[in-house]
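Shown next, in structure tokens, is the structure this report addresses.
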Amino acid sequence: LRNTPFERSYQDLFERLDTNQDGKVDVAELRAGLKAMGIFRLGAAQKIVSSGDQNKDGSLDFNEFSKYLKDHEKKLRLTFKSLDRNNDGRIDASEIQQSLAELGMDVSRENALKILQSMDIDGTMMVDWNEWREHFLLHPAQNLEEIMRYWKHSTVLDIGDSLAIPDEFTEEEKSSGGWWKQLVAGAVAGAVSRTGTAPLDRMKVFMQVHSSKTNRISLIGGFKQMIIEGGITSLWRGNGINVLKIAPETAIKFMSYEQGKNIETHKRFMAGSLAGATAQTAIYPMEVLKTRLTLRKTGQYSGMFDCAKKILRKEGVMAFYKGYIPNLVGIIPYAGIDLAVYESLKNAWLSYHAKDSANPGVLVLVACGTISSTCGQLASYPLALVRTRMQAQASLDATDQSSMSTLIKKIIAKDGFFGLYRGILPNFMKVIPAVSISYVVYEYMKTGLGIK
């Protein structure tokens with residue numbers, strides 16, 4: 001072995017960590033050593049020992065320890081090089097900003113400086129290779145890509161209305177075919193989750209269309225009414241088409257997101273909204289059918305195709321695009337607020353915990369995804385209600401074909417501002433079960449399809 005300065009420093013480090021001087025460093029010694037160096041990372045010591053322990057004796061001898069550090073150093077060197085854009089051997093704040101922007105994370109100059117400061121030893125506000133190595137050497141694989149991989153907005157959570165699909169796949173996932181497995185897993189999770197919460201979804205649509213100050217529908221009263229009218233199975237009316245539309249919606253969203261992303265890489269929000277709008281336009285007739293089938297009386301339609309035929313015969317093709325405008329307008333506040341809230345929650349978590357771990361854990365990610373989607377829903381709910389009313393109009397009163405603005409005025413005049421939030425209770429009641437079901441099923445599907 002060449003006794004390079006780095007190897008000498010490995011030797012010093014090893015001796016410092018090997019407190020009982022038995023020529024081996026175990027998890028407890030490494031944990032105590034890391035703590036003394038100010039590195040508080042959950043599971044860091046275990047991860048380092050597991051990665052470097054070649055003879056599986058639960059500890060590292062000097063050869064294993066130095067081999068682990070050398071391999072880890074190579075990875076750190078590659079990350080350092082990819083960040084050092086002008087190849088001057090130093091990383092500055094603008095290079096951090098640029099690299100993170102390419103990974104899809106917009107950070108302010110102030111935050112980029114904070115990241116830099118945490119690594120900058122000599123106070124130059126630039127990080128050279130030695131500072132970078134010093135900072136990350138005993139942080140197992142904690143780098144900017146890892147933070148991005150965990151925090152990519154790829155929650156495959158389905159809160160029942162619009163399926164969130166992974167908004168970006170790595171080149172590796174695309175070439176290995178991992179991307180379609182993720183989409184399939186997400187679609188199955190969405191189907192099970194929607195079926196599980198269908199009664200609450202039907203109740204929401206019922207309240208949106210029929211509930212008013214003069215005709216109050218309570219949750220229990222509404223369910224009783226439905227069961228008396230059509231039996232227990234009537235609670236799942238409209239669920240078939242709601243599940244069926246997942247496949248085209250996922251495929252179109254994914255393809256249009258990929259296209260939109262190539263136009264403007266840094267404008268994720270626009271790409272996401274555009275993908276949502278494209279998918280909604282293509283599958284919108286299915287949305288209209290879902291509303292009509294959900295509200296149908298026993299024996300009104302024999303099935304999906306019968307419903308489509310009758311609408312076409314009585315009301316013409318345009319009936320399949322009723323409520324399209326409020327639906328399209330609603331995508332913008334929904335996507336914008338969903339993304340903004342998610343980014344804020346993510347940045348808040350990172351600013352408190354990024355020093356300890358880049359992995360926020362399942363609960364944090366699911367909670368952030370759920371809160372952001374719910375906030376997005378809350379903002380766009382009045383438009384969703386108007387859309388549902390317009391979709392149902394012809395089946396209620398053929399003479400009353402109001403436009404979006406007239407309908408909003410009518411609802412406010414009759415029921416006040418909160419009339420625009422009819423049905424929000426069953427809507428929110430289904431969020432947690434829908435998210436939980438879709439998450440659990442997604443995880444099982446991933447295991448079944450062999451997605452790491």
Side-chain angles (χ1 to χ4, degrees), residues 42-43 146 149-170 173 176-204 223 232-233 235-236 238-251 253-254 257 272 276 279 290 334 338-339 341-342 345-346 349 353 357-378 425-452:
L42 198 64
E146 187 177 77
R149 192 169 67 246
Y150 285 122
W151 279 102
K152 219 165 56 170
H153 198 168
S154 63
T155 41
V156 183
L157 301 176
D158 182 13
I159 59 170
D161 290 306
S162 128
L163 188 70
I165 65 158
D167 50 18
E168 212 167 292
F169 290 106
T170 61
E173 283 169 331
S176 67
W179 64 273
W180 70 263
K181 288 181 180 176
Q182 281 193 45
L183 291 181
V184 167
V188 172
V192 177
S193 150
R194 287 181 188 193
T195 304
T197 56
L200 285 165
D201 191 64
R202 185 171 190 227
M203 178 52 72
K204 175 193 78 176
F223 280 131
I232 284 280
T233 53
L235 299 179
W236 274 266
N239 181 56
I241 193 151
N242 199 23
V243 166
L244 260 182
K245 69 186 176 76
I246 290 174
E249 185 182 7
T250 305
K253 252 190 192 175
F254 173 62
Y257 190 92
K290 182 223 159 188
Y334 180 87
D338 181 16
L339 192 69
V341 172
Y342 188 83
L345 292 169
K346 171 180 82 179
W349 190 92
H353 302 285
S357 167
N359 181 0
V362 166
L363 271 176
V364 175
L365 285 175
V366 171
C368 290
T370 307
I371 293 165
S372 65
S373 297
T374 306
C375 291
Q377 243 192 14
L378 195 61
L425 178 66
N427 185 61
F428 279 164
M429 280 173 72
K430 75 185 174 89
V431 168
I432 291 173
V435 166
S436 312
I437 296 168
S438 66
Y439 182 78
V440 170
V441 175
Y442 181 65
E443 285 305 305
Y444 274 110
M445 283 298 296
K446 265 170 53 175
T447 310
L449 290 167
I451 306 169
K452 286 197 179 71

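Computed from a predicted structure; not experimentally measured. Scope of the values below: all heavy atoms of this structure, side chains included, with no hydrogens, waters or symmetry mates.
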Q. With a 4.5 Å limit on heavy-atom distance, are the side chains of Gln377 and Tyr334 in contact?
A.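 Yes, close enough: below the 4.5 Å cut-off.
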
Q. Between Leu200 and Phe428, is any pair of side-chain heavy atoms under 4.5 Å apart?
A. no

Q | side chain to side chain donor-acceptor pair (under 3.5 Å) partners for Thr447, two or more places apart | A | none

Q.
Return the NZ to NZ distance between Lys430 and Lys204, rounded to the nearest 0.5 Å.
A.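 Atom-to-atom, Lys430:NZ and Lys204:NZ are 4.5 Å apart.
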
Please give me the minimum heavy-atom distance between [X] and [Y], naming the atom from each residue.
| X | Y | value |
| --- | --- | --- |
| Ala189 | Ser438 | CB-O, 3.2 Å |
| Pro433 | Thr197 | CB-CG2, 4.1 Å |
| Ser372 | Tyr342 | CB-N, 3.6 Å |
| Met445 | Ala185 | CB-CB, 3.6 Å |

Q: Can you sort out the partners of Val243 under side chain to side chain contact (heavy atoms under 4.5 Å, CB included), two or more places apart, ordered by chain and number?
A: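 With neighbours one apart ignored, the set is Ala191, Arg194, Thr195, Asn239.
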
Q. In terms of heavy-atom contacts, does CG of Leu449 have more than 12 from other residues, nucleotides or ligands at under 6.0 Å?
A. yes

Q. Looking at Ser373, Cys375, Cys368, which one forms a side-chain contact (heavy atoms from CB on, under 4.5 Å) with Ile371?
A. Cys375

